[in-house]
Every structure is written in C-alpha cells, then in structure tokens.
Amino acid sequence: MKFIFIIKEALRKFWKRTHLNQILILLLSLIVLGGLGYFAWLASAANVESLKQGLSQSTVIYDKDGDEASKISANRIEGVAIGNVPDHLKNAIIAIEDHRFMEHKGFDVKGIFRAFFINLTSGKIRAGGSTITQQLTKVALLSPERTYKRKIEEVFLAVEMEKTFTKDEILEMYMNQVYFGSGAWGVQNASRKYFGKDVEQITLSEAAMLAGIINRPSALDPYKNYEAATDRRDIVLGQMEKFGMITKDQYEAAINEHIVLEDKGGDPLEGKYPYYTDAVINEAINRYGFTQDELLTRGYKIYTQMDQNLQSSLERVFHNDSLFPVSGDGTLAQSGSVLLDPSTGGIRALVGGRGEHTFRSYNRATQLTAQPGSVMKPLAVYTPALEAGYKAQSLLKDEQDLSYDGYQPKNYNHQYLGEVPMYKAIEDSLNVPAVWLLNEIGLEKGVESVKKFGLPIQKEDKNLSLALGGTKSGYSPKQMAEAYAVFANGGQRIESHIITKIVGPTGNIEAAAKPKKTRVTDRKTAEQMTAMLLNVVETGTGRNAKVSGHSIAGKTGSTQLSYADITEGTKDQWFVGYTPNLVGAVWLGYDYTDRTHYLKGKSGDTVVPIFQAVMDGALKYVEPVDFETQSINQKLEEQQKKEERSLKEQFNKFDEKMLKEAEKWREKLDKGKGNLKKFEEKLKETLKKLHGE
C-alpha cells in the first residue's frame, strides 16, 4: 500500500509540475477546432448554389449495351411556386417539422441538444433534430444515414445554404421534393394524389394531413392507414394552434372535418418500361441498401441487364387483350412474365401486370407468391430421379388407387394406364406417377433438389404433394425462370439479377452485381431433362408453345380451385420454357380468385398461347442456337428407323441367301433333269433289248 501511495504522489507532482491539464485542454480544443474547420471547409467547398439544378436531375437507367433506357425523376421538376402554396400548408409544415424555421440560420441549437439527449438516453440514434434546411441538405447533398458525422456535415452545409438562399426559396425547394407516400413527390403531386385537387385549393385540415405524412410517408399513407394519418393530422393542428398559426375555432373546425380521399395523381415515373423500372428500384433498395429517396433525388446511373427489344416485345404482348381471358364483370385476368439469359442470370425483360401502372405497385413478375403446380415436377421429382439412376423410359406406376397415408393423388384426365414411361408422364403432366416416383426416391431428395434450384421450402411443404407444386408459399416467374435456367445452362444455376452496377453522381461505382453460381446437377442430367421437356412442346401439354425455327423445352402447370363443385377451372396457370439462350416464365391468374374469377380451360389452351406470343416476339432478337440433345420423340424416331433399317437389311440378306440357294437347287435340278433323261433313254434301250427288238 505504501508503495502505491508513493507512486500516486509522484504522478500527482509530475502532473502539476508539467501542467498536463492545460495541455490536454489545449489538445482537445485544437482537435475540436480542427474538426470544425474541416467541416467548415467541406461546407464552403460544396456547390450549394447548384442545389436547385441538382434536385431536378434524373436517375438514368441503362440497358445491357449501355444505351439509355429510362429515367427516374418522379415529376419533381414540375414543382409549384411558393406563391401558389396556401399559407396554412406552409405553416403546417413549419409547425410540425421545424417551428423555429423563420428564426434560425440553418440549424436549431435547441433541437440538436434535444435530439442528442434522446439519443444518449436510448443508446442509439433515434431522433434527428434536423431543421427543414438540414433535411433539404440531406436529400440534395448527403447520404441519409443517421450518424454523428453526417449530422455535423449537415449543420455546416445548412448554414451555407441559408447564406445562399432566402427562407422562401429553401421552403419552396423542400416542399417540391419531399416524399408524401403513394409515389407522390412534392406538395402539388401529393395534393392531387390524395385529394384530387391542385395544392392551392386544399383546406386547412387537408394541409395538416399532408404535413403530417412527411414524418413517415409509408406508415402514414392515408390510403393504407387512414386512422393513423388522421391522428397525425390532429397533432399537426395542435402544433399550429400552440404556435399561434391558427385560432381555437379554426382548430376545432379542422379537427372535425372528415377528409375524403380522391386519387387524381398520375404515374410518378417519367420514361419507359415502368415495371422494369420498379424492379430496378426494388433491387437497388433490397439488395444494395439504397433508399428510395436517394434513387429519386441523386442522379445515379444504373446499368442493367435489360434488352430493350425484348422488353418492348414483352410489353406489346401484355397490351394485346385478345390473348388474355375475360371475366364476366370486366375484372382483368392478371399476369407476370420474365425473360432471362441462362448463361448470366441477367433479366432481359419483365412485365409485372396488366392495366394501369402505379409507382412501385405489386410486381407479379418478381413479387408473386403463387403455387407452381406441375411446373414443380421436373425440379422436385424428375431431376433427382434421373440422378438416382432412373431413365427417360423407366416405367412408373400410374394406378388409380395409389394412396400414401390418406393422400391419394389423381390425374387431371381421370385416366390411368397402370404403367407409363417417365418421359410420357412428363409429356402428359400425369400426377400419380410423379407422386409415386417421389415416394420411391425419398421425399428428402425432392426437398433438397428444390432447394438447390433456389426455391425456398418451408416445414409445411415437406410432404408428397410437393411433387405437384403443393407448397404453402408460392413462387414468382423470376424464381421459376432462374430455376429452369439450370437445364439450359448445363446444370448450373446463376443468381438472377437486374442491376449490373450503380454509378454515383461523382462517377464512383457504388454497387456492382456479383451473382452467385451453384452447381445444381451434372450436364448429363440436365440434357436428359431437356430431352423430355422438348417432348412437352412437341407433342404434349405445351404443344401450343411452338415457335417456328426454334426448339423450345418447357413445362405447363396449374393449381386447383378450392371449390369442389367447379371441376372445369383452375386458380393459377404457368408455363416455363427455354431455348439454349433464353428462358421465359409466364404466370396467369386473378389477384383474388373466387367463384366468378378463375381460369377456365386447361393451361395448354390459356397460358401456353400467351407464352408462345412472348417467345415468338422475343426470339426474333435472339440468335438461334440448337440444343445439344434431341427430344425423346426424335430419339425414339431415330431408334425406330434404325431398327427398321436393321430389319430390312436382315430381310435383304435373307433374300440374297435364298436366291443363291434357289440358284444352286435349280442347277442341281437341271443337272438332275439331264441325268433323268439319260436314264430314261437308257431304260428305253434296255426295254427294246428285252423285247428283242
């Protein structure tokens, strides 16, 4: 203890003698001043004068060849002058977002300290404390992440902006670029989207609702959550009364007003290919971590796998209403389709629905979760069966009374052959042989095979109905196209993707695709599967998918209705097919299936002609390539011809031998005839002698 005391005393005297307190304070001050100087330099170096122009720059989408395909601008360019914005909307935004906006010089010290203590007590960054100027700075010049470094940058840039622009200019830019949900950017677009009127016509209550949405545009979208949007409106009105912007009577009248929603907003995306553009945005957000606001306000260059010829041809098919079934009440039969390059995994084209498009709406090409029906058979049953040693001509059981712990599959045509070759079971999409075969090879092999094809499997899916696509959660055309690409790509699956790379405004590559490659099966098995799937299009359930000059392999699929009394109808219909260098997947059905909205007829007569139109339009722009294997039909035909030739040759050889033998016998016969004649003459002479002649 005495030793420790001596050391402490020595350190104290040294500290006092060398004035370390003052030195540390000086060093800390220099660090703070240096940091502040650094951020001040960053702010002064930023070209805030170009902010207005920057806010109107579009993000550009390029195709696989580097040509411009579309733009994302969200109509923010078509803003509204602040003179046309009613005072009650300006006041509502200021009251709820930054009530000291007209007083501060870009940042609010009180707001910053309040946010700091909230974050400190919560242990993470939850509050921003940003002024309207800071929010505009974040959108225009900074990343949206919540870090202290970004907050400091935000403050200094906000000060620079306040030096450059007036309060009205800042408020105008902010109101014209802020996102209000439902694809509406800016107060004018939002007013038309929610209230069906221009912004100068909105009431105080409507203005308060708009201002309230800014905080959480998705959660407070009145079309999705009217009650939450109304509660938030009431908070805004309370703030306006608190800060003297409205009277008590105005507050009471506005809070009791029932807001009627009316959508007169248009599609917020400018440019072409809306569903593909939606998918680009979704992939950038979900795979690479970008935010919607970043993509719509930063002027990125997004390079994609799109082929504009294929995309245009696919959209033409979806605009041709004569190809699609019609319901009695005019409800559109919906559909989603994907065209994919099997060698790269690049999605060349996609369309996610029919009818009017809305920004980032449900995309049936990429977001659908429909049961795949018989499209699952090659993935869950026949591929693992080939790997287990079965052949295309292996006989499978096709008996009516086969049952597995109470599960009894039925063929769609209610006909049973007793035994059927595997290729024929695939060609005619028979159910019983598929279930029987999955049971024979083992359910676990089927489950593992489906997973290798890239399709998620849930615990509830692990039963023999998997053979017929009876999964709890379904799949999208994108997922099915990626799975079937395995057969076209020699047994290897390459992760499907839309984006190749994303280049930032400064020219830096901020994201790049690195698609994962997985060996699913060997090349021989893939070719055997293709040989059988070629039969489906040549003579099977997919015969209506033929395209002149091209060999197509593929598989039909459909799912049953839940109504036992409706026997001639299906819920979902599929066709997934491929050439060696292009895979196409098409789903057809209704978003909500009921007794009046379902698909009549078989998939071969309904969805297959749509697939045929898709491939017929697309393959004009794709170099024809032959499969390395023949269909089972062609192989059997060649085998039959070979057997016929062999039999004919054997007959010819037999004929030649018989002719030669006949010639020998004729010679012997001729020789015998000569000897007989001599014998006859000799006999006559002998008789004459006996008679004494």
Side-chain angles (χ1 to χ4, degrees), residues 305 338-348 366 371-392 394 422-423 425-426 434 437-438 440-458 461-462 466-469 471 473-497 513-536 552-555 557 574-585 625 627-629 632:
Q305 291 280 348
V338 164
L339 292 172
L340 179 145
D341 181 345
S343 64
T344 66
I347 294 177
R348 296 292 188 230
T366 60
Q371 289 187 337
S374 293
V375 172
M376 183 67 89
K377 291 174 181 175
L379 314 178
V381 182
Y382 294 116
T383 294
L386 291 172
E387 293 172 338
Y390 282 82
K391 305 294 182 186
S394 295
M422 183 192 292
Y423 74 87
I426 295 174
L437 184 55
L438 179 57
E440 288 294 305
I441 64 173
L443 175 61
E444 195 57 37
K445 283 188 178 179
V447 170
E448 289 305 311
S449 177
V450 172
K451 289 179 180 178
K452 286 195 292 183
F453 277 102
L455 303 178
I457 290 289
Q458 297 185 29
D461 301 331
K462 296 181 180 181
L466 179 67
L468 311 182
T471 57
S473 61
Y475 308 107
S476 67
K478 174 178 175 284
Q479 289 173 296
M480 280 299 164
E482 180 182 318
Y484 270 71
V486 169
F487 302 131
N489 197 40
Q492 188 177 57
R493 176 172 63 86
I494 302 178
E495 186 180 18
S496 61
H497 58 284
K514 296 178 181 178
K516 183 181 177 181
K517 298 180 180 180
T518 305
R519 171 58 63 180
V520 176
T521 190
D522 57 77
R523 181 174 290 275
K524 181 181 178 182
T525 300
E527 289 182 355
Q528 288 177 305
M529 200 67 247
T530 293
M532 291 189 283
L533 293 174
L534 282 165
N535 261 33
V536 173
I552 297 177
K555 186 71 187 73
W574 290 84
F575 193 84
V576 186
Y578 57 95
T579 67
N581 53 2
L582 188 67
V583 182
V625 179
F627 283 109
E628 295 181 2
T629 185
I632 297 297

Can you tell me how far apart [atom1] ([X]) and [atom2] ([Y]) are? Round to the nearest 0.5 Å.
X      : Y      : atom1 : atom2 : result
Phe575 : Met480 : CZ    : CE    : 13.5 Å
Leu534 : Ile426 : CG    : CD1   : 11.5 Å
Ser473 : Ile457 : OG    : CD1   : 7.5 Å
Ile347 : Lys478 : CD1   : NZ    : 5.0 Å

Which atom pair, heavy atoms only, marks the closest approach of [X] to [Y]?
X      : Y      : value
Ala380 : Leu438 : O-CD1, 3.7 Å
Val375 : Tyr484 : O-OH, 2.6 Å
Pro515 : Thr344 : CG-O, 4.4 Å
Ala481 : Val338 : CB-CG1, 4.1 Å
Val381 : Ala467 : CG2-CB, 3.5 Å
Ile441 : Ala388 : CG2-CB, 4.5 Å

message: What verdict does the side-chain contact (heavy atoms from CB on, under 4.5 Å) test give for Phe627 and Phe487, after you've listed the backbone C-alpha separation in whole Å, the side-chain angles of each residue and the deciding distance to 0.1 Å?
response: CA-CA 11 Å; Phe627 283 109; Phe487 302 131; over 6 Å; no

Do [X] and [Y] have side chains that approach each other closer than 4.5 Å (heavy atoms only, starting at C-beta)?
X      : Y      : value
Glu482 : Val583 : no
Ile494 : Pro342 : no
Gln492 : Val520 : no
Gln305 : His497 : yes
Lys516 : Thr518 : yes
Met422 : Met532 : yes
Leu466 : Val447 : yes
Arg348 : Leu340 : no

So, does [X] use its side chain to make a donor-acceptor pair with the main chain of [Y] at under 3.5 Å?
X      : Y      : answer
Asp461 : Gln458 : yes
Gln371 : Thr471 : yes
Tyr475 : Pro456 : yes

- request: Please report the C-alpha distance between Thr383 and Met529 in whole Å, then the side-chain angles of each, then the deciding distance to 0.1 Å, and finally whether the side-chain contact (heavy atoms from CB on, under 4.5 Å) criterion is met.
  value: CA-CA 7 Å; Thr383 294; Met529 200 67 247; 3.7 Å; yes

message: Side chains of Lys452 and Ser449 only: does a donor on one sit below 3.5 Å from an acceptor on the other?
response: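 No, no side-chain donor-acceptor pair sits under 3.5 Å.
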
message: Take a 6.0 Å sphere around CD of Glu440 and say whether it holds more than 12 heavy atoms from other residues, nucleotides or ligands.
response: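 Counting other residues, nucleotides and ligands, CD of Glu440 exceeds 12 neighbours.
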
message: Is there a side-chain contact (heavy atoms from CB on, under 4.5 Å) between Met376 and Leu468? Walk through the geometry before answering.
response: CA-CA 6 Å; Met376 183 67 89; Leu468 311 182; over 6 Å; no

- prompt: For residues 523-535, which residue pairs qualify under side-chain hydrogen bond (donor to acceptor under 3.5 Å, both in side chains), counting only residues two or more places apart or in two chains?
  reply: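 Qualifying pairs, neighbours excluded: Glu427-Asn535, Asp522-Thr525, Thr530-Tyr578, Asn535-Asn633.
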
- request: Measure centre to centre between the rings of Tyr382 and Tyr423, then say whether the value is under 6.0 Å.
  value: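 Centroid distance Tyr382-Tyr423: not below 6.0 Å, so no.
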
task: Quick one: list whatever passes salt bridge (charged side-chain N to carboxylate O under 4.0 Å, His left out) with Glu495, sequence neighbours left out.
output: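 Here the qualifying residues are Arg287.
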
- prompt: Under the salt bridge (charged side-chain N to carboxylate O under 4.0 Å, His left out) test, which residues partner Glu448, sequence neighbours left out?
  reply: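 Listed in chain order: Lys451.
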
